[in-house]
Amino acid sequence: MWTTAAESRPVESLPEPVGEWTRDHAAATCFFRSSNWYPPVLAGVRTLEEWLFAAGLIEEAAALTERLSPDDYGTYVTAWYREGLARYGSSWRYADIITALLAASRRLVPERYLEIGVRRGRSLCTVASQAPDCALYGFDLWVSNYAGIENPGPEFVRTELDRVGHRGSVQFVNGDSHQTLPAFFAAHPDLTFDLITVDGDHSTLGAAQDICDVMPRLRIGGILVFDDVCHPALPGLRQVWQELVASQPRFSAVTFDEAGYGVGMATRRF
Ligand SMILES: C[S@@+](CC[C@H](N)C(=O)[O-])C[C@H]1O[C@@H](n2cnc3c(N)ncnc32)[C@H](O)[C@@H]1O
């Protein structure tokens, strides 16, 4: 069983919401009344899939990545989008962290977004492009030359956010997420998020710990995005996603693992 390193708390012991549907929730996916018959989440896996594979989304992802400062990886991914669209047109079913965040942030228009693993700000800018007033919280260790790509740090990311017209607040929390997340949450006991991305430490246990640490702070109806679920060099990430999220009744999850490195996207039901 996975546990958080901070508290050695089993995942199953997250607070039980039965009778507590008034808990903080993401309005875009919830139907909330003072007295509720159903759990308030309206949109589950099939709706999320519709959002993820909506017409024009990959084209928009390509246009967005072209607005950012180029790097080898970004240029490659943009060319990948263009090639898939040229070959298969609207019948191409493809998803990655960028299309998932475009789809999720467009629907949720998050008030607060937390991201572990910012690097050059590509995923952060994706959310900001759809929710310019969103308060952004980016956690990164800024590992130099991460996966062979320059990792210039927070000031660079701020200039990227300007490119997509972000107006809200931005807070970077620098350091190892396994230390910074528990400390940050302890200092902000009531802070919850509509949208969270886990894309930092790619070790199996490290990614599992990050998911466990952020899960209690995801609003009901909020969306969790997890990158690289079918990365050939990182098979443990698929296991983490399956065991902690996709198979859990607490979540309704889409897993895209057919091409590229894959992505998982799940809404928190309770
Ligand atoms: C794959 S990159 C993030 C890519 C970004 N989400 C995007 O879509 O462009 C992973 C990032 O996680 C950071 N990272 C790795 N281990 C970490 C840790 N233990 N704590 C915080 N950040 C970490 C690295 O510095 C790197 O910037």
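Just so you know, ligand 1 is whichever comes first in the structure, and atom 1 is the first atom listed for that ligand. Since the model is a prediction, treat every value here as computed from it, not as a measurement.
- Ring geometry for Tyr76 versus Trp80: interplanar angle of 30 to 60°, hence tilted.
- Glu115 and Ser123 are linked by a side-chain donor-acceptor pair at a separation below 3.5 angstrom, with hydrogens and angles left out of the test.
- Contact residues for ligand 1 (protein heavy atom closer than 4.0 angstrom to any ligand atom): Ile97, Gly117, Val118, Arg119, Arg122, Ser123, Asp140, Leu141, Trp142, Val143, Tyr146, Asn151, Gly175, Asp176, Ser177, Asp199, Gly200, Asp201, His202.
- For Thr192 and Arg219, the side-chain atoms include at least one donor-acceptor pair closer than 3.5 Å.
- Residues Tyr137 and Phe184 bring their aromatic ring centres within 6.0 Å.
- Aromatic ring pairs are classed by plane angle as parallel below 30°, tilted from 30° to 60° and perpendicular above 60°; the pair Phe185 and Phe139 is tilted.
- Side-chain contact check for Thr255 and Arg238: no donor-acceptor pair (N or O, by modelled atom type) lies under 3.5 Å.
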